[in-house]
Amino acid sequence: ALTLTFIHNEVTEIARHHDVTVLSTARGNTGKVAFDNIEELPFRQNPVLQRILFELYRKDLLISEWNPAFGEKLDKLISRLQPDLIHCHFGNESLQFLDNFNRWDIPVLVSFHGYDASQFVHLKSYARKMRSLFSREKVFPIACSEYLMSRVAEMGVDTAKGFVLPYGVELSKFTRSTYPGKENGI
């Protein structure tokens, strides 16, 4: 869903210089989202398949977002849009895309932001999946810090083909409060 401010800011800035289309599986917070090109492609899993996949995930045997109906719609959308590059946010959430994407001629960047390279790392099924996905020639890991990239590497992912892209904070949006008798604001 389009609810994360940093993604909104990133897309807004990139769209100043490039044609950008955002793919969202659920369009949340429409009042805050001001993109011109948004494609909504709902991810609705077959309930029986969803239950089977959840049980396999719960037992740490398999992590998968395979969804044949979604994959078919995704293929048609990608064929229509003909992107030069695809950028997915969050390693675990990128599975909805990567498990259903059949075109490996387009570079795919996957950004790891935190929990996707920390909480999930202990899952053997997640590490296997990440190794498999990033073994593909045109799938590249990105992390916002060296530490997170090292966590991605702990899963056995070849991080040499990826890069660290630090995210910044626009400090001008924040002002320091002053308090009587406290020169440093604390």
Side-chain angles (χ1 to χ4, degrees), residues 1-8 10-11 14 20-30 32-33 35 37-144 148 151-152 155 157 162 165:
L2 293 172
T3 57
L4 300 171
T5 304
F6 70 93
I7 294 174
H8 179 268
E10 178 182 285
V11 171
I14 292 171
V20 176
T21 300
V22 174
L23 170 61
S24 178
T25 56
R27 191 155 175 198
N29 218 348
T30 55
K32 287 179 121 180
V33 178
F35 305 133
N37 297 326
I38 299 177
E39 296 280 348
E40 186 174 352
L41 188 60
F43 187 90
R44 293 187 187 97
Q45 187 65 277
N46 173 295
V48 174
L49 181 57
Q50 183 177 14
R51 181 68 182 169
I52 292 168
L53 292 175
F54 176 75
E55 286 302 317
L56 292 169
Y57 166 76
R58 192 174 65 78
K59 294 176 181 178
D60 196 16
L61 297 172
L62 175 74
I63 188 166
S64 176
E65 292 288 348
W66 179 65
N67 180 330
F70 178 81
E72 186 177 318
K73 292 175 186 171
L74 180 63
D75 283 346
K76 288 178 184 174
L77 180 66
I78 296 299
S79 292
R80 180 172 56 83
L81 294 174
Q82 292 296 307
D84 297 318
L85 175 74
I86 296 169
H87 184 185
C88 299
H89 283 275
F90 298 100
N92 58 308
E93 293 182 17
S94 73
L95 296 179
Q96 285 186 344
F97 180 83
L98 292 170
D99 277 352
N100 297 289
F101 182 58
N102 297 313
R103 296 266 314 269
W104 297 112
D105 57 320
I106 303 169
V108 178
L109 307 176
V110 178
S111 289
F112 289 86
H113 297 283
Y115 72 97
D116 52 345
S118 57
Q119 291 177 340
F120 285 90
V121 172
H122 72 281
L123 294 172
K124 292 176 184 172
S125 58
Y126 183 69
R128 272 193 315 272
K129 175 68 76 164
M130 292 295 115
R131 283 192 304 273
S132 172
L133 293 172
F134 289 103
S135 70
R136 295 174 177 164
E137 183 182 356
K138 293 192 177 196
V139 180
F140 305 92
I142 301 174
C144 60
L148 282 181
R151 296 301 306 262
V152 172
M155 293 186 286
V157 171
L165 181 63

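All values below were derived from every heavy atom in this structure, side-chain atoms included, with hydrogens, water molecules and symmetry-related copies excluded.
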* Asked: Ignoring hydrogens and geometry, is there a side-chain-to-backbone donor-acceptor pair from Tyr126 to Asn92 under 3.5 Å?
  -> yes
* Does Arg131 CZ have over 12 foreign heavy atoms under 6.0 Å away? -> yes
* To do: Using atom types as modelled and distance alone, determine if a side-chain donor or acceptor of Ser79 lies under 3.5 Å from a backbone N or O of Lys76.
  => no
* Can Asn67 and Asp99 be said to form a side-chain contact (heavy atoms from CB on, under 4.5 Å), step by step? -> CA-CA 8 Å; Asn67 180 330; Asp99 277 352; over 6 Å; no
* To do: Evaluate the ring planes of Phe54 and Tyr57, with Trp represented by its six-membered ring, and classify them as parallel (under 30°), tilted (30 to 60°) or perpendicular (over 60°).
  => tilted
* **Glu55, CD: over 12 other non-hydrogen atoms inside 6.0 angstrom** => yes
* To do: Spell out, as yes or no, whether a donor-acceptor pair under 3.5 Å connects the side chain of Arg128 to the backbone of Ile63.
  => no
* Could you tell me whether a side-chain N or O of Asp60 sits under 3.5 Å from a main-chain N or O of Leu123, the two making a donor and an acceptor? => no
* To do: Verify the neighbour count for atom CH2 of Trp104: are there more than 12 heavy atoms of other residues, nucleotides or ligands below 6.0 Å?
  => yes
* Pair Leu95-Met130, side-chain contact (heavy atoms from CB on, under 4.5 Å): steps then yes or no -> CA-CA 9 Å; Leu95 296 179; Met130 292 295 115; 3.6 Å; yes
* Glu137 side chain to Pro107 backbone, donor-acceptor under 3.5 Å -> no
* To do: Would you kindly say whether Asn102 and Asp75 are connected by a side-chain donor-acceptor distance under 3.5 Å?
  => yes
* Please work out which of the three classes, parallel, tilted or perpendicular, describes the rings of Phe43 and Phe70, given edges at 30° and 60°. => perpendicular
